[in-house]
Amino acid sequence: MKRTFIMSGILIALAAILMGGLWLYADRELKEASLSGGSMEEYDRHYMLVSEDRSQQWQTIYASAREEAARQKVYLEWVGADLPEGYSASECMEIASAARPDGIILHPDREAGMTGLIDEAFEEGIPVVTVLNDDSASRRVSFIGVNSYQMGEIYGSRVLDVLDGASGRVLVLRSGTYEDNGGSLTYSQLLKTVETGKDAGQEVSIDHIEMNAANSFEAEEGIRDIFLDRNRMPDVIVCLDLTATECASQALVDFNEVGEVTVIGYYASEKVLDAIGKGVVDSTLKVDSEEIGRLCVSALDEYCALGNVSNYFTIGIEMISK
Amino acid sequence: MTKRLGRNSIQIRLVGLIALMMAIMMSANLVIYSRINRMVRQIDSVFATNVTNKELTDQLEMVEESVYEYLSTKSSAALENYYRHTQNYREMITLLNSRNMDSDIRMLEKNIRSMSETYLQVADKTVQAKRGRNVERYKSMYEEESALFRYINSYIGELNNRQFALNSEHYQNLLRAMGRMEAISLAVMFLVFGLCIAVVLMTVRYLFRPLSTLSEAAERVAEGHFDVELPQVITEDEVGVVTRTFGQMLSSIRDYIAAIRTGMETEARLKQRELSMEASLKEAQLQFLQAQINPHFLFNSLNAGAQLAMMEDADQTGVFLERMADFFRYNVKHSDGKSTLAEEIESVDNYIYILNVRFAGDITYEKEILTDRGDYVMPGMILQPLVENAVTHGIRDMLPGSLIRLVAEETEGGLSIMISDNGAGMTRDQIAAVMEGKGSQAGKDQPSGSTGIGLANVINRLQLYYDRSDLLSIHSDGRGMGTEITILLPGQGQEEKRVQDTDRG
């Protein structure tokens with residue numbers, strides 16, 4: 001009798017366990033189906049990145065910054081990156097100001113009114129740090145970028161190394177996104193370095209072209225124009241941004257001018273490094289974009305925590321060649 | 001019965017078992033129904049967020065249109081619409097997320113909410129500027145407000161796209177989960193059903209196991225095996241009651257059969273005893289009849305002779321013939337029945353008289369009757385054969401000087417009759433052989449002149465009559481020391497004497 005009761009009890013308990021298991025399984029299925037939208041971890045702050053430039057360098061900067069932000073319990077988003085409409089940097093800045101984040105990382109362009117937008121954001125209590133391009137006239141709380149003087153010196157020295165005492169023509173491709181004097185400072189320092197460093201009797205003519213690097217088509221067309229006029233063909237092309245570097249290296253291959261024209265590039269993207277390996281590009285300026293990303297978030301964190309932050313963060317640069 | 005058995009009743013327990021199984025199956029159904037219903041409701045609500053986004057967009061457009069209308073017309077209706085739509089929109093955006101979370105969709109909601117709040121502030125300022133007739137300001141504010149409207153629309157569109165993608169994925173996940181849930185629910189249902197069946201089988205087998213054992217026992221009883229072992233009564237249910245009652249019935253049947261068997265055995269034993277008695281008596285009669293030649297004719301003739309002797313004054317001859325006639329009459333009369341002590345002694349007296357006439361009075365006969373219970377009923381033809389035996393085997397060869405002694409006395413258990421002689425005597429072996437029914441004295445090889453009833457016959461009849469084997473004892477101190485035979489007649493001898501009239505003459 002006891003055995004029968006024990007066995008019956010065990011079987012009924014088994015049935016109860018089965019039903020309980022089914023209940024838990026269904027709950028887990030529902031939970032898993034609901035969680036497909038991501039976790040619901042709460043963050044402390046919300047930063048926005050505003051940059052019209054979608055180049056690999058900025059992708060790297062954004063990835064690094066987002067990683068650092070997540071580590072600091074900060075949500076970072078790239079304004080307008082996923083919107084179907086192509087908003088300009090100013091419009092993205094307006095969006096960012098209206099969304100009232102805890103901080104904005106801005107890559108300013110040359111559009112008028114950006115300074116005012118930075119100031120308006122600051123007045124709304126939103127600190128803005130500028131990256132790579134500075135807007136020193138605005139009330140941005142900090143700038144993270146390379147030292148333009150140092151950059152000009154490195155480019156100038158490399159030009160002299162490439163010319164190796166010979167005379168030649170140098171063409172500098174400047175990004176059209178420069179509003180402030182950063183690009184100008186680099187260019188002027190390049191001029192100064194070449195002028196003071198060239199050998200006696202060596203004639204180096206340096207010219208420059210400005211192009212809108214944010215628009216790949218415009219830059220690419222402008223560079224091809226250079227190669228179409230063989231009378232104006234330079235001996236050395238110095239690219240001050242990544243787009244110009246990639247376009248110039250491609251044009252060099254297309255016009256079969258590899259070895260004839262030396263390209264000194266900017267940024268060590270995979271394409272550029274590949275071009276250096278193949279001898280298409282002579283050298284390139286390596287900028288630590290990941291550090292830039294980390295510094296952007298750190299600067300805003302520091303400002304949010306302390307109310308002030310260093311006005312200027314310099315990123316280390318170096319020229320790399322084959 | 002059910003009421004009396006109460007909770008122990010099989011009916012109640014079966015009903016309880018069925019109710020329990022139904023409850024388990026219903027629970028399983030409820031669990032499955034609840035979970036699947038929840039899934040279905042979740043599937044129904046998957047695209048609810050897209051509907052909400054559409055409503056948000058519509059409401060935002062109404063705000064924008066009301067602002068434009070007011071700026072264009074400055075009508076009270078437009079202003080009223082503006083306030084109403086603004087209020088509605090404000091309420092709607094409170095449903096959006098406002099916290100910083102690790103979710104792109106949630107952060108899109110937060111951006112929309114924050115941008116909408118900014119938008120509403122700008123719209124308010126625009127309306128205020130319009131009411132203040134500050135044309136420049138409200139125009140610039142309207143531009144700013146329109147830009148924000150555009151941005152918000154873009155964000156709501158993006159939110160809608162992302163939520164649609166997410167909802168579609170969610171929908172697919174739910175559909176897959178639903179499919180898995182259906183399969184697992186079916187499996188669980190079957191498993192629970194199987195477990196319930198197992199429980200029912202075990203419980204029913206437990207409940208009806210005593211009944212099965214009882215039916216097997218009943219079949220064996222029907223085959224005649226009344227010694228079957230019945231199942232032990234554990235529970236006081238219907239089966240328990242039937243088992244116990246069946247056991248009692250079986251026990252009664254066994255007792256009844258045992259009683260019948262004992263009765264039959266007793267009857268058979270009695271029958272056998274009666275038959276044996278009858279056979280012994282018949283044998284005695286046969287031997288007696290063989291020993292006489294038409295005793296009726298003989299003792300009638302003897303009587304005629306006695307009368308003739310009396311007529312001729314031959315008195316002794318007359319007496320002799322008369323005693324002869326009495327002797328034979330007694331033999332005929334009591335050869336197959338009972339007699340009394342007095343009749344038996346008289347028969348012995350006659351026999352001795354006849355022998356003394358025959359042997360010229362050489363036999364001394366002493367009789368000592370120490371009891372007045374002459375009417376004691378006893379088997380007939382007992383004493384005379386014993387006296388005849390004493391004469392034949394004891395004193396025949398030592399006449400004269402021989403002595404036959406008969407003593408009758410009362411003892412504690414009845415009457416004691418002792419017949420002794422001073423004749424040849426017996427050895428122990430002879431006594432043992434006689435008591436076992438062997439030897440010449442057992443009645444075989446009767447010498448001539450004997451009445452024909454042997455000692456063995458006497459012993460046998462005494463045993464059959466009294467159902468005891470220790471009533472006759474023989475004592476002798478050895479050869480030439482005489483023999484003493486003692487008969488113990490137990491009881492009071494009150495049985496009514498059956499007198500058979502053997503005198504057919």
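Just so we're on the same page: letters track the sequence lines, and every chain starts at 1.
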Next on the checklist: Using the rule given for side chain to side chain contact (heavy atoms under 4.5 Å, CB included), can you reason through B:Met101 versus A:Glu41, listing the C-alpha separation, both sets of side-chain angles and the distance that settles it, and then say yes or no?
Outcome noted: CA-CA 6 Å; B:Met101 303 186 81; A:Glu41 188 183 354; over 6 Å; no
Checklist entry - Is there a side-chain contact between B:Ser154 and A:Tyr87 (heavy atoms, below 4.5 Å)? => result yes
Checklist entry - Do the non-hydrogen side-chain atoms of A:Ile95 and B:Asn111 ever get within less than 4.5 Å of each other? => result no
Checklist entry - Atom OH in B:Tyr151, atom CD in A:Glu91: separation rounded to 0.5 Å? => result 4.0 Å
Checklist entry - Just how far is it from atom CD of B:Gln42 to atom CD of A:Glu29, taken to the nearest 0.5 Å? => result 11.5 Å
Next on the checklist: The test is side chain to side chain contact (heavy atoms under 4.5 Å, CB included); show your working for B:Arg162 and A:Asp82 and say whether it passes.
Outcome noted: CA-CA 10 Å; B:Arg162 289 200 181 205; A:Asp82 298 319; 2.5 Å; yes
Checklist entry - Do B:Thr118 and A:Arg100 come within less than 4.5 Å of each other through their side chains, counting heavy atoms only? => result yes
Checklist outcome for this item: Honestly, the part of B:Arg150 sitting under 4.5 Å from a heavy atom of chain A is both
Checklist entry - What's the spacing between A:Leu22 CG and B:Ile36 CD1 if we round to 0.5 Å? => result 8.0 Å
Next on the checklist: A:Leu14 vs B:Val192, test: side chain to side chain contact (heavy atoms under 4.5 Å, CB included). Steps then yes/no.
Outcome noted: CA-CA 8 Å; A:Leu14 209 58; B:Val192 170; over 6 Å; no
Item to check | Interface residue of largest heavy-atom contact number with chain A, from B:Ile184, B:Ile152, B:Val200, under 4.5 Å | outcome: B:Ile184
Next on the checklist: Heavy-atom pairs under 4.5 Å with chain A: which of B:Tyr119, B:Tyr171, B:Tyr155 has the most?
Outcome noted: B:Tyr155
Checklist entry - Side-chain contact, heavy-atom cut-off 4.5 Å: B:Asn100 with A:Asp44? => result no
Checklist entry - Given a strict heavy-atom distance threshold of 4.5 Å, which part of B:Ser185 is in contact with chain A: side chain, backbone, both, or neither? => result both
Checklist entry - Where do A:Leu30 and B:Met39 land on the side chain to side chain contact (heavy atoms under 4.5 Å, CB included) test, with the steps shown first? => result CA-CA 7 Å; A:Leu30 283 169; B:Met39 276 193 172; 3.6 Å; yes
Checklist entry - Around B:Tyr33, counting heavy atoms of other residues, nucleotides and ligands shown, do more than 12 lie under 6.0 Å from its OH? => result no
Item to check | Heavy-atom closest pair, residues B:Arg38 and A:Asp27 | outcome: NH1-OD1, 2.9 Å
Checklist entry - What heavy-atom pair brings B:Ser27 and A:Met19 nearest, and what distance separates the two atoms? => result C-SD, 3.6 Å
Checklist entry - Can a salt bridge be assigned to the pair A:Asp102 and B:Lys110 using a cut-off of 4.0 Å between side-chain N and carboxylate O? => result no
Checklist outcome for this item: Residue from B:Gln163, B:Arg205, B:Glu144, B:Met181 scoring the most non-hydrogen pairs under 4.5 Å with chain A is B:Met181
Item to check | Side-chain touch A:Ile12/B:Leu20, heavy atoms, less than 4.5 angstrom | outcome: yes
Item to check | Validation row: A:Tyr43, B:Arg99 side chains within 4.5 angstrom (heavy atoms) | outcome: no
Item to check | Heavy-atom proximity to chain A below 4.5 Å, by part of B:Leu148 | outcome: side chain
Next on the checklist: Between A:Met7 and B:Val199, is there a side-chain heavy-atom distance shorter than 4.5 Å?
Outcome noted: no
Checklist entry - Does a donor on one side chain sit under 3.5 Å from an acceptor on the other, for B:Ser103 and A:Tyr75? => result no
